[in-house]
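When a residue number appears, it is its place in the shown sequence, counting from 1.
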Amino acid sequence: MATKLWASRAASYLRISAFHRAFATVPKDLKYTESHEWVKVDGNSATIGITDHAQKHLGDVVYVEFPEVGSSVEQFGSFGAVESVKASSDINSPVSGKVVEFNEELNNGPALINANCYEQGWILKVEMNKPDEVKALMDPDQYTKFCDEEDAKH
């Protein structure tokens with residue numbers, strides 16, 4: 001409870017809007033996939049990462065596999081992988097486009113994904129070539145409901 005209260009106060013201080021689930025945070029300004037990736041869109045630029053829900057299920061992240069800068073990614077297509085002490089999981093792109101940057105800090109500190117998956121733990125930046133694809137993604141309310149339903153099955 002104290003952690004949730006601290007997180008709420010920190011989010012308020014930093015002016016971050018977020019839904020607080022029982023064990024995961026879902027920021028309001030992002031879009032989400034069913035495979036638990038998030039995307040933050042700014043014009044034709046998209047920043048991509050895995051969700052808090054995903055990183056909590058994976059456990060301590062120990063390695064991240066990236067595509068090369070300049071390569072193409074397709075919406076819902078795999079572009080890399082995240083390895084943890086528990087499992088390995090493909091990372092799928094929420095949007096199509098050209099890779100313009102990857103988070104080099106994850107090479108030396110992949111645990112940044114566990115520490116702050118929505119800020120320092122981002123994975124990839126893409127120049128979108130089909131911006132309308134964002135319409136096919138879930139908003140925070142839909143994603144929260146999706147996670148609740150998925151967790152209820154387990």
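Contact record, Gly80 with Ser78: O-OG, 3.6 Å, taken as the closest heavy-atom pair. Closest heavy-atom contact between His36 and Ala54: CB-CB, 3.6 Å. A pairwise comparison of heavy atoms in Thr51 and Tyr32 identifies CG2-CD2, 3.6 Å as the closest pair.
Residues Leu137 and Val39 meet the side-chain proximity criterion, which asks for heavy atoms closer than 4.5 Å. In this structure, Ile91 and Val82 have side chains that are in contact, with non-hydrogen atoms separated by less than 4.5 Å. Side-chain contact check for Asp60 versus Ser84: every heavy-atom pair is 4.5 Å or farther apart.
We find the NZ-CG distance between Lys28 and Asp139 to be 11.0 Å, quoted to the nearest 0.5 Å.
Counting non-hydrogen atoms of other residues, nucleotides and ligands closer than 6.0 Å to CD of Glu105 gives a total of 12 or fewer.
Results of the side-chain contact (heavy atoms from CB on, under 4.5 Å) test with Phe79 over Val73, Val99, Val126 single out Val73 as the only residue that passes.
Hydrophobic clustering, with ILVMFWY side chains joined whenever heavy atoms are under 4.5 angstrom apart, keeps Phe146 apart from Phe76. The cluster map of Ile, Leu, Val, Met, Phe, Trp and Tyr, joined by side-chain heavy atoms under 4.5 Å apart, puts Met128 and Phe66 in the same cluster. Linking ILVMFWY side-chain heavy atoms closer than 4.5 Å, directly or via other members, places Val64 and Phe102 in a single hydrophobic cluster.
Looking at residues two or more places apart in sequence or on another chain, you find a ring-ring contact (aromatic ring centres under 6.0 Å, His included) between Trp38 and Tyr118.
Residue pairs meeting the side-chain hydrogen bond (donor to acceptor under 3.5 Å, both in side chains) criterion with at least one member in residues 107-117, sequence neighbours excluded, are Gln55-Asn114, Asn116-Gln120.
Formation of a donor-acceptor pair under 3.5 Å by the Ser96 side chain with backbone atoms of Gln75 is found in this model.
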